[in-house]
Protein chains: 2
Amino acid sequence: MADAAEREWLERQIARRAPLSNDGQMALRALSLVTRTYEPSQYLLREGDRPKHCSFLRSGFVYRHKIVGNGGRQIVAIHLEGDFVDVQNILLTESDHNIQALTMTKVLCISREDLVAVSLAHPSLARALWRESLLEASIMREWVANVGRRDARSRTAHMLCELAIRQEAAGIGPREAFDLPMTQEQLGDALGLTAVHINRTLKSLEAAALIARSKRSVTVTDWHGLQRVADFTSGYLHLPDVDH
Amino acid sequence: MADAAEREWLERQIARRAPLSNDGQMALRALSLVTRTYEPSQYLLREGDRPKHCSFLRSGFVYRHKIVGNGGRQIVAIHLEGDFVDVQNILLTESDHNIQALTMTKVLCISREDLVAVSLAHPSLARALWRESLLEASIMREWVANVGRRDARSRTAHMLCELAIRQEAAGIGPREAFDLPMTQEQLGDALGLTAVHINRTLKSLEAAALIARSKRSVTVTDWHGLQRVADFTSGYLHLPDVDH
DNA sequence: CGAATCGTTGATTCAACTCAACGCGAGTGG
DNA sequence: CCACTCGCGTTGAGTTGAATCAACGATTCG
């Protein structure tokens with residue numbers, strides 16, 4: 001069981017999406033909440049599994065991916081602290097993709113069945129979670145456009161911009177500096193490129209003085225420049241100051 | 001106002017996603033419903049618009065797309081009869097993409113605000129629509145993988161398989177023959193390829209006796225063969241016989 | 001009949017992939 | 001404490017799948 005601080009954190013995270021009514025808050029508090037931890041590269045869920053729980057990412061990074069027939073892998077989402085990892089499975093009984101930890105990770109789990117029941121019974125909760133799943137779909141659309149229609153340089157820059165802004169919006173840190181705990185192989189799998197080409201692309205962004213790198217963290221040295229080569233606008237993230 | 005037959009159709013479509021309770025059904029019937037038609041290439045909604053209505057596709061084809069900075073376009077979804085075109089905007093005030101008619105199209109419109117209110121008040125309705133938005137997100141994930149990790153041949157075949165199965169699942173027709181009312185330019189924009197390359201790829205699929213084409217319709221002459229080169233499995237469509 | 005749109009085809013170019021080697025730092029075990 | 005390994009990043013050389021450029025048919029429509 002998770003303690004009161006975790007509960008409070010969860011409540012804040014959900015309320016960040018849409019305000020919770022009193023009874024929604026109460027119902028949420030009545031749900032049992034379990035903390036779970038995962039090692040890097042450990043699976044939270046596999047394609048074909050029928051998840052019993054939904055998880056909120058308390059700390060660390062996780063990613064979701066699909067394997068295609070020729071052995072390739074496509075990463076379809078990257079989650080950071082505060083993300084609801086499992087929205088996409090909440091009403092679909094069988095998972096269509098894998099969820100894996102990128103770093104040491106802590107998640108808060110709620111029974112899927114209970115969460116569905118409580119959400120459907122409490123409109124403010126349903127609104128928050130439903131909205132979250134729509135937001136994720138919006139991000140996915142942008143990824144399709146990114147992978148389908150931007151070249152490697154722009155595409156890579158775009159992902160960096162997105163992660164920077166999402167981190168900022170989640171209150172984890174400023175857009176100018178963030179951890180990116182992924183190998184270049186994984187970055188390639190997220191962007192539909194090869195590790196070798198990711199390497200060249202990152203070096204080119206660095207050479208253009210747009211970013212600096214050290215180990216697995218990135219500093220944005222020229223935000224506007226990066227945004228420009230990325231063709232990035234944050235509309236699709238539906239941030240609260242713009243859209244509510 | 002739409003007539004009783006349209007209402008009944010709509011009810012069937014929603015119930016196809018998840019069973020509707022009696023009071024959900026009643027509440028749905030109380031909503032005012034408007035029929036609207038669109039010409040080919042007419043916009044249903046533009047990026048940046050704040051939609052007032054949600055639309056269900058009564059007949060015809062529509063597609064949704066994003067424009068990227070270099071002038072490129074990426075089609076992120078294709079909808080056929082029975083699809084809920086606007087789920088993705090139901091809880092996000094500003095649209096992050098364009099929705100456009102592919103053919104002559106008829107849609108049934110419901111006030112967005114009303115639909116949200118009624119859904120949140122009636123769990124069975126919320127479940128059906130929420131599930132639909134998750135299903136769309138699942139399709140989007142597969143598109144990311146398709147565009148990111150499959151070559152032109154496999155990628156194109158995959159989209160054909162998807163459309164065939166979706167048409168079959170929607171009860172519009174068999175998987176072996178379907179309309180594909182898109183130019184090769186549009187197909188390219190959906191698959192992250194150029195029109196010229198789409199042309200060559202389609203001809204190659206035809207030369208391999210997997211499909212036959214005439215005008216804007218496709219016949220699948222070798223379903224298993226097509227499915228094999230497409231690396232297609234229908235799991236991500238979460239069809240009712242497999243997953244409910 | 002002319003104009004426009006879309007499909008088809010060939011020739012050429014290029015962005016990203018493949019293959020291969022090497023460097024480097026973090027463990028690990030003798 | 002050093003030698004060894006292993007995973008990851010880096011770099012170069014050569015290849016290729018898809019893009020680009022350009023022209024020409026076919027079909028539709030006013």
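Proteins get letters first, then strands, A, B, ... in listed order; numbering begins at 1 in each. Heavy atoms only: backbone and side chains are in, while hydrogens, waters and symmetry mates are out.
Applying the salt bridge (charged side-chain N to carboxylate O under 4.0 Å, His left out) rule to pairs touching residues 200-209 of chain B yields B:E206-B:R213, sequence neighbours excluded. Screening residues 216-226 of chain A for side chain to side chain donor-acceptor pair (under 3.5 Å), with sequence neighbours left out, gives A:W223-A:Q227.
Direction change of the helix axis from one end of the helix from C:dC1-D:dG30 to C:dG30-D:dC1 to the other is 30°, with five pairs defining each end axis (rounded to 10°).
Residues satisfying the side-chain contact (heavy atoms from CB on, under 4.5 Å) test with A:Q42, not counting sequence neighbours, are A:Y38, A:E39. By the side-chain contact (heavy atoms from CB on, under 4.5 Å) test, B:H53 is found to be paired with B:R36, B:C109, residues two or more places apart in sequence or in another chain being considered. Looking at residues two or more places apart in sequence or on another chain, you find a ring pair (Phe, Tyr, Trp, His ring centres under 6.0 Å) between A:H65 and A:Y63. With sequence neighbours left out, the side-chain contact (heavy atoms from CB on, under 4.5 Å) criterion links B:E168 to B:I165, B:R175. With sequence neighbours excluded, the residues forming a ring pair (Phe, Tyr, Trp, His ring centres under 6.0 Å) with B:F84 are B:F56, listed by chain and number.
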Anything under 3.5 Å between a donor and an acceptor, one on a side chain of residues 176-195 of chain B, the other on a protein residue two or more places apart or in another chain? List them.
| from | atom 1 | to | atom 2 | distance (Å) |
| --- | --- | --- | --- | --- |
| B:T183 | OG1 | B:E185 | N | 3.4 |
| B:T183 | OG1 | B:Q186 | N | 3.1 |
| B:Q184 | OE1 | B:N199 | ND2 | 3.0 |
| B:Q186 | OE1 | B:T183 | N | 2.9 |
| B:D189 | OD1 | A:R149 | NH2 | 2.8 |
| B:D189 | OD2 | B:R73 | NE | 2.7 |
| B:D189 | OD2 | B:R73 | NH2 | 2.8 |
| B:T194 | OG1 | B:H197 | N | 3.4 |

I'd like a table of donor-acceptor pairs (distance under 3.5 Å, sequence neighbours excluded) in which one partner is a side-chain atom from residues 75-82 of chain A, with atom names and distances.
| from | atom 1 | to | atom 2 | distance (Å) |
| --- | --- | --- | --- | --- |
| A:H79 | ND1 | A:D83 | OD2 | 3.2 |
| A:H79 | NE2 | A:R64 | NE | 3.0 |

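Counting non-hydrogen atoms of other residues, nucleotides and ligands closer than 6.0 Å to CZ of A:R228 gives a total of 12 or fewer.
Taking the 5' to 3' direction, DNA chain C first and last meets chain B under 4.0 angstrom from a heavy atom at C:dC6 to C:dA11.
Phosphate proximity of D:dT10 to A:N199: present, with a side-chain N or O under 4.0 Å from OP1 or OP2.
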Could you run through nucleotides 13-30 of chain D and give me one letter per nucleotide, 5' to 3': B if any protein heavy atom sits under 4.0 Å from the base, S if only the sugar-phosphate is that close, - if neither?
B----BSBB------S--
